[in-house]
**Q** 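My structure is below; once you've seen it, I'll send some questions.
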Amino acid sequence: MPLHLTNMQVLDQTFYVRSTLTVARELLGKVFFRKYEGALLSGRIVEVEAYHEEGDEAAHSYNGRRPRNEVMFREGGRLYVYFTYGMHFCMNVVTEEEGVGAAVLIRGIEPLEGIDTMRELRGHPRREHDLTNGPAKICQAFGIARAENGLPLDGAVLGIANAPAIPATHVMTSSRIGISRSRVLPWRMYVEDSPWVSRARPAHP
DNA sequence: CAGTCGATGTACT
DNA sequence: GTACATCGACTGG
């Protein structure tokens, strides 16, 4: 195991089994990592969106527990991966207690380690920020697909390491991207001026 | 830079 | 049928 992993403090389940909006806010600045074919891929989280079964029509969990969204209802501290638009995967961090359908979508990551591997997995994009400035790009760069749905964030294969929090003055809030339902909810959070955020200015603040 | 549009599988009305 | 928590190619300025 690489030395930097042994020195990392991997966030444990108590971090995830809390209010989804709190977890979403605190995920900004933390380091997501994934072991991929002997390589370590990692990056700093800079953009997230919260989803919750209560009062949020856009959440996959809104209409109850089903095979597709089953992982969203499990105890916090694992990955919820879904397939969308016929060709893309997106990954969420599951939050709260068993039985509550809630999760945080990871939308923007600043790559730190394993960047050459990410470039290959992404097909060598011309612009550096196209590596991971979007939820489906992140899954491609980190090699995340159906097989990773439900995996625990315990550091065995993947996890999130502690890192300094982003100061409130640099955290921006907006409505979520790419959805029409529950547009009024300001449940998207991102680091101001980060080139790794999917959209610098939301269409509907 | 911004805007438009096709690709392509799955869940749901 | 229709919508979809998206992306990349393409256009025009």
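Source: prediction; values computed, not measured. Naming: A, B, ... by sequence-line order, numbering from 1 per chain.
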**Q** Taking any atom closer than 4.0 angstrom to a non-hydrogen atom of chain A, what span of DNA chain C does the protein reach, first nucleotide to last?
**A**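 The contact span of chain A on DNA chain C goes from dC4(C) to dG8(C).
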
**Q** Could you give all pairs that pass the side chain to side chain donor-acceptor pair (under 3.5 Å) test and reach residues 147-156 of chain A, with sequence neighbours left out?
**A**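 For residues 147-156 of chain A, and leaving out neighbouring residues, the side chain to side chain donor-acceptor pair (under 3.5 Å) pairs sorted by first residue read R34(A)-E148(A).
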
**Q** Start with the C-alpha gap between S194(A) and E110(A), add the side-chain angles, then the distance that decides, and say whether side-chain hydrogen bond (donor to acceptor under 3.5 Å, both in side chains) holds.
**A** CA-CA 8 Å; S194(A) 170; E110(A) 172 189 347; 5.3 Å; no

**Q** In terms of hydrophobic clusters joined by side-chain contacts under 4.5 Å, are V23(A) and L21(A) together?
**A**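 Yes, one cluster joins them.
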
**Q** Base, sugar-phosphate or nothing for A136(A)? Non-hydrogen atoms, less than 4.0 Å.
**A**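 Sugar-phosphate, no base atom in range.
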
**Q** Could you work out, with side chain to side chain donor-acceptor pair (under 3.5 Å) as the rule, every residue matching E57(A), not counting sequence neighbours?
**A**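 By the side chain to side chain donor-acceptor pair (under 3.5 Å) rule, E57(A) matches no residue at all.
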
**Q** Quick check: does any side chain N or O of K137(A) sit under 3.5 Å from a backbone N or O of G108(A), one acting as donor and the other as acceptor?
**A**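 No; judged by distance alone, with no hydrogens or angles, the pair does not exist.
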
**Q** Tell me, which of residues 77-99 of chain A have any heavy atom that sits under 4.0 Å from an atom in DNA chain B?
**A**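 Nucleic-acid contacts, sorted: F83(A), Y85(A), G86(A), M87(A).
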
**Q** Sequence neighbours left out, what pairs pass salt bridge (charged side-chain N to carboxylate O under 4.0 Å, His left out) with at least one residue falling in residues 7-26 of chain A?
**A**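 For residues 7-26 of chain A, and leaving out neighbouring residues, the salt bridge (charged side-chain N to carboxylate O under 4.0 Å, His left out) pairs sorted by first residue read R18(A)-E26(A).
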
**Q** Chain A on DNA chain B: first and last contacting nucleotide, 5' to 3', under 4.0 Å to a heavy atom?
**A**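 Range of nucleotides within reach of chain A: dA7(B) to dC12(B).
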
**Q** Sequence neighbours excluded, which residues qualify as side chain to side chain donor-acceptor pair (under 3.5 Å) partners of E75(A)?
**A**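 Partners of E75(A) under the side chain to side chain donor-acceptor pair (under 3.5 Å) test: Q13(A).
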
**Q** Does anything in residues 76-94 of chain A pair up under side chain to side chain donor-acceptor pair (under 3.5 Å), and if so which pairs, sequence neighbours excluded?
**A**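 The answer is H60(A)-Y80(A).
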
**Q** Can you tell me which stems involve DNA chain C, if a stem is defined as three or more consecutive Watson-Crick or G-U wobble pairs, both distances under 3.5 Å?
**A**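 Stem segments, range with range: B:1-7 with C:6-12, B:9-12 with C:1-4.
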
**Q** Who passes side-chain contact (heavy atoms from CB on, under 4.5 Å) against I179(A), sequence neighbours left out?
**A**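 Result, side-chain contact (heavy atoms from CB on, under 4.5 Å) vs I179(A): Y51(A), A58(A), R176(A).
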
**Q** Under 4.0 Å, heavy atom to any atom of DNA chain C: which of residues 120-132 of chain A qualify?
**A**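 Hits under 4.0 Å, by residue number: R122(A).
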
**Q** Closer than 4.0 angstrom, basic N to acidic O: yes or no for E53(A) and R66(A)?
**A**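 Answer for the salt bridge query: no.
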
**Q** For DNA chain C, whose closest nucleotide is more 5', that of H60(A) or that of K137(A)?
**A**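 Looking at the nearest nucleotide for each, H60(A) comes out on the 5' side.
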
**Q** Decide whether a cation-pi geometry holds between R107(A) and Y190(A); the criteria are a distance under 6.0 Å from NZ or CZ to the six-membered ring centre and an angle within 45° of the ring axis.
**A**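 Relative to the ring axis of Y190(A), which defines the angle, R107(A) lies outside at least one limit.
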
**Q** Give every residue pair that meets the ring pair (Phe, Tyr, Trp, His ring centres under 6.0 Å) criterion with at least one member in residues 137-177 of chain A, sequence neighbours excluded.
**A**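 Output for this query lists F32(A)-F142(A).
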
**Q** Do R74(A) and R65(A) come close enough that some side-chain heavy atom pair is under 4.5 Å?
**A**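 Answer yes - side chains close enough.
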
**Q** Just so I know, are the side chains of I144(A) and F89(A) near enough to count as touching, which here means a heavy-atom distance under 4.5 Å?
**A**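 Answer no - side chains too far apart.
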
**Q** Would I160(A) and V31(A) count as a side-chain contact (heavy atoms from CB on, under 4.5 Å) here? Give the steps.
**A** CA-CA 5 Å; I160(A) 299 176; V31(A) 175; 5.8 Å; no

